[in-house]
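One structure below.
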4 protein chains.
Amino acid sequence: MTADPDVRLRADARRNRDQILAAAKAMFAEEGPDVPMEEIARRAGVGVGTLYRRFPDRDALIKAVAQDNFAQVLAEAEAAEGEEPTAWEALVRLLSRSRALRLSVHLALLSPQAWATIREDPQTQHFRDEIMDVLDRIVAGAQREGQLRSDVGAGDVAVLVSLLLKRVPAPKDTADVVTDRVLALMLDGLRARPGSPLPGRVLTAADLRDR
Amino acid sequence: MTADPDVRLRADARRNRDQILAAAKAMFAEEGPDVPMEEIARRAGVGVGTLYRRFPDRDALIKAVAQDNFAQVLAEAEAAEGEEPTAWEALVRLLSRSRALRLSVHLALLSPQAWATIREDPQTQHFRDEIMDVLDRIVAGAQREGQLRSDVGAGDVAVLVSLLLKRVPAPKDTADVVTDRVLALMLDGLRARPGSPLPGRVLTAADLRDR
Amino acid sequence: MTADPDVRLRADARRNRDQILAAAKAMFAEEGPDVPMEEIARRAGVGVGTLYRRFPDRDALIKAVAQDNFAQVLAEAEAAEGEEPTAWEALVRLLSRSRALRLSVHLALLSPQAWATIREDPQTQHFRDEIMDVLDRIVAGAQREGQLRSDVGAGDVAVLVSLLLKRVPAPKDTADVVTDRVLALMLDGLRARPGSPLPGRVLTAADLRDR
Amino acid sequence: MTADPDVRLRADARRNRDQILAAAKAMFAEEGPDVPMEEIARRAGVGVGTLYRRFPDRDALIKAVAQDNFAQVLAEAEAAEGEEPTAWEALVRLLSRSRALRLSVHLALLSPQAWATIREDPQTQHFRDEIMDVLDRIVAGAQREGQLRSDVGAGDVAVLVSLLLKRVPAPKDTADVVTDRVLALMLDGLRARPGSPLPGRVLTAADLRDR
DNA sequence: AATGAATGAGGCTTCATTCAT
DNA sequence: GATGAATGAAGCCTCATTCAT
């Protein structure tokens, strides 16, 4: 599930790499994308030198974390598609799981610079494309099933997912309820049913492609 | 509508203060809360010294921006409450306007540290409380009118607003459509109508209060 | 007794000047010669602008304080010479009073830079010369009286005075006893009496003249 | 004799640390305790970063210098005690050597802030205590020998030493003579011999303990 | 290959001094 | 004349990155 097989690394090197990635993920989440490299290294239990051997600079580390995150989302999406009996249920599951992915994804989205870095990375781009493909299929399926309103596209759903990834401004112990309720509201809004038609046109994956 | 009239300042000092605040708002938005103070000063057309005379450190500046932002939201909420014929319409307007506030609000929410700073500021706290009061009245009103589903509270709506304030990952020219559609979806989800009841209990303002 | 008659100043201007000088003296004593000019101004109850009108820069202020201090020492010396019945008693009094002068003198002697500034100031130079003249007479007199050992000069005594001006590293309440005892020891050392002759030659005022 | 062996440092790191300390000592002496850290670093032949890695801030550096200085004084005192045939001679030697220690000791004593920093440092405190212990023994010994007047204590001698550490206001080439003569005067004052008794009570180490 | 020391650029902040009100 | 606002140079310190051990 790791984004970057990176030739073959010796077992210990691989372990180092993983520890660094995990440390970076955690610290980005807790402290934002500006944590000193040295602290990431310390948390990973290695020296800075080792960190830099693996990731030439901060941007490389950010990209690696982003790739890892998106890879995880892709895996979730594919699992949902493959394991759920109906596309609607896959959609519901996908949206529910976003909550779980939140912690891992939004980390890198904190600073505009970090975001720019990620946006430019082709590897990450690639994952995003694949995710959108799966989403496209799920959306189409759910509409064919008559469960999902027909005036939404994968782009719309993607936006919802991204919103659900946002850290809500609620105390830790309420955060889960909050997300559950928002999700339920969104599902109610997504359900096929007479209602006010959405403004604009159906949003596709392409609409969200940057630049 | 500025948060801090700050006794009487000499005319030029006041103008400087306002320019600095505006510059900070803009640069926080564009670059995140870590922009060099010097750049903010340059953009405001003053020397760093002036900036520091007015705002003793970065945190003070962040707080001032946050206060200004929340004051704006409060003004919007009160205007919506006072000017719209029904509470439901006030609610719709409020959610629509969030989009306009986005640029100004989310600025300071980028880094965990910045967020902590804001959370602690009593002045800002105060604005948040007042905003929630207005929201409470609007929500109750819309429910009395039978337009708003009865299993939501001001807390739920506040969360939606905060989500709408998030920068969506879409190209600039699509961003507006995206937000319009998300908003419409949310409104569809909020409308009183037979549907799946929301999980958990109605969220009140208190549920979102930190700590 | 003020060092610098400075043409004629209007009464209020003169009062400002004196307040600034007093404030500077006090703050140099408490905080060292690097206290912010602004704090000196505040303590004097005037704006910085006023301070700078009176003293073009920090060095000018330091010089003024030094002049004031030395003028005071000179006055003490002359008073001792004029009022005491014997030269030895004048000498004893002078050394005793140094204690009182300490607070005011050592202030400006804290930083090497400040010291350089003072050393170069001709006005202060002048006071030092006059002081040495008085001291010369007192020393000669006391030796003629047979009270003061004959192998010391005004230079030697001046050094002792300067040592007595040093802040001793003792708790506030012990400081006075300490100085009294040191002084008594020194006087015992100075008294004419068979003992080991001092090394080197008699130190005159000229020996201490810098450069 | 260095105050802080600081676990084991890599050979080069240790050398750097020592160079920094030496540079700081020299520059504090010449320029006072406010010399720019960068200049200290330059003089030590290292980058600022290195300086800061070793001494987290200026205060840490000041403390380290102070500790080193006091350690040196202690060593001198112990050597004098151990190597001189009589306690009186040990005392004379100690007072003479103070002159040599001057350059290194008074450095850090220039600004009130620096002094406060040092006073608070327990490590330095410790050295001061040990020094006083040695002094106590020397004083008692010299009195038993009948050489030292009986109405002085280690506290009195400590004060004399501290005075001798003061930079005398004399041209460089005269400074040594000056100190020799002052020292001789003091010794004459200290010698056991009928004379005027000292005022107050014998000063002990405790009398000088701050707070 | 791993470590952690060294470097120095760059951001933060203070404060001496100047200048508009 | 007095005031206090504005300026910007200069010192402090941090941290990304490089490099010796």
Side-chain angles (χ1 to χ4, degrees), chain A residues 9-10 12-13 16 20 34-42 44-61, chain B residues 9-17 20 34-42 44-61, chain C residues 9-10 12-13 16 20 34-42 44-61, chain D residues 9-17 20 34-42 44-61:
Chain A
L9 289 169
R10 266 174 30 198
D12 58 340
N16 270 346
I20 292 169
D34 298 322
V35 259
M37 297 294 264
E38 191 133 5
E39 296 204 357
I40 296 175
R42 175 163 41 261
V46 303
V48 247
T50 306
L51 193 167
Y52 273 91
R53 161 176 301 276
R54 242 19 111 194
F55 304 93
D57 57 18
R58 175 182 293 275
D59 270 14
L61 186 53
Chain B
L9 286 172
R10 246 165 56 182
D12 57 342
R14 154 115 259 134
R15 200 179 54 254
N16 272 342
R17 197 196 127 92
I20 292 169
D34 297 322
V35 258
M37 297 293 262
E38 295 226 24
E39 300 209 349
I40 297 176
R42 176 163 39 263
V46 303
V48 244
T50 304
L51 194 167
Y52 275 96
R53 163 180 288 269
R54 224 41 85 190
F55 305 95
D57 56 18
R58 176 181 296 278
D59 269 15
L61 186 52
Chain C
L9 288 170
R10 267 173 30 197
D12 60 340
N16 270 347
I20 292 169
D34 298 323
V35 260
M37 296 294 262
E38 191 133 5
E39 296 203 358
I40 297 176
R42 175 164 39 262
V46 302
V48 247
T50 305
L51 193 166
Y52 273 92
R53 162 175 301 274
R54 244 16 112 194
F55 305 94
D57 58 18
R58 175 182 295 274
D59 269 14
L61 187 53
Chain D
L9 286 173
R10 248 164 56 180
D12 55 344
R14 154 116 260 133
R15 200 179 54 254
N16 273 341
R17 196 197 128 94
I20 292 169
D34 298 323
V35 259
M37 297 293 263
E38 295 227 23
E39 299 209 350
I40 297 176
R42 176 164 38 264
V46 303
V48 243
T50 304
L51 194 166
Y52 276 97
R53 162 181 289 270
R54 225 40 86 191
F55 305 96
D57 56 19
R58 177 180 295 277
D59 269 15
L61 186 53

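From a predicted model like this one, the values you see are computed outputs, not experimental measurements. Each chain gets a letter, A, B and so on, in the order its sequence line appears, and its residues count up from 1.
Between E:dA5 and D:N16, no contact under 4.0 Å exists linking OP1 or OP2 to a side-chain N or O. Residue B:R53 places no side-chain N or O under 4.0 Å from the OP1 or OP2 atom of F:dG4. Contact annotation: B:T50 side-chain N/O to F:dA5 OP1/OP2 distance is not under 4.0 Å.
Rounding to whole angstrom units, CD of residue B:E38 and P of F:dA10 are separated by 13 Å. Note: CZ (A:R58) to C1' (F:dC15) measures 9 Å, nearest angstrom.
For D:D59, the side-chain hydrogen bond (donor to acceptor under 3.5 Å, both in side chains) partners at least two apart in sequence or on another chain are D:T117.
The two residues A:Y52 and A:D57 come nearest to each other via the heavy atoms CE2-CA, 4.1 Å. Across all non-hydrogen atoms, the minimal contact from B:V46 to B:L51 is CG2-N, 4.4 Å.
Picking from F:dT3, E:dA5, E:dT17 the nucleotide with the shortest atom distance to the side chain of C:V48 gives E:dT17.
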For DNA chain F, produce a single dot-bracket line, 5' to 3'. Pairs: Watson-Crick or G-U wobble, both distances under 3.5 Å. Symbols: ( ) within strand, [ ] crossing, | other strand, . unpaired. .||||||||||||||||||||
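Under a 3.5 Å cut-off, the side chain of D:R54 and the backbone N or O of D:L61 do not form any donor-acceptor pair.
Dense packing is recorded around CD of C:E39, with more than 12 heavy atoms of other residues, nucleotides or ligands lying under 6.0 Å away.
Residue A:V46 is classed as a sugar-phosphate contact, given heavy-atom separations below 4.0 Å to backbone atoms only.
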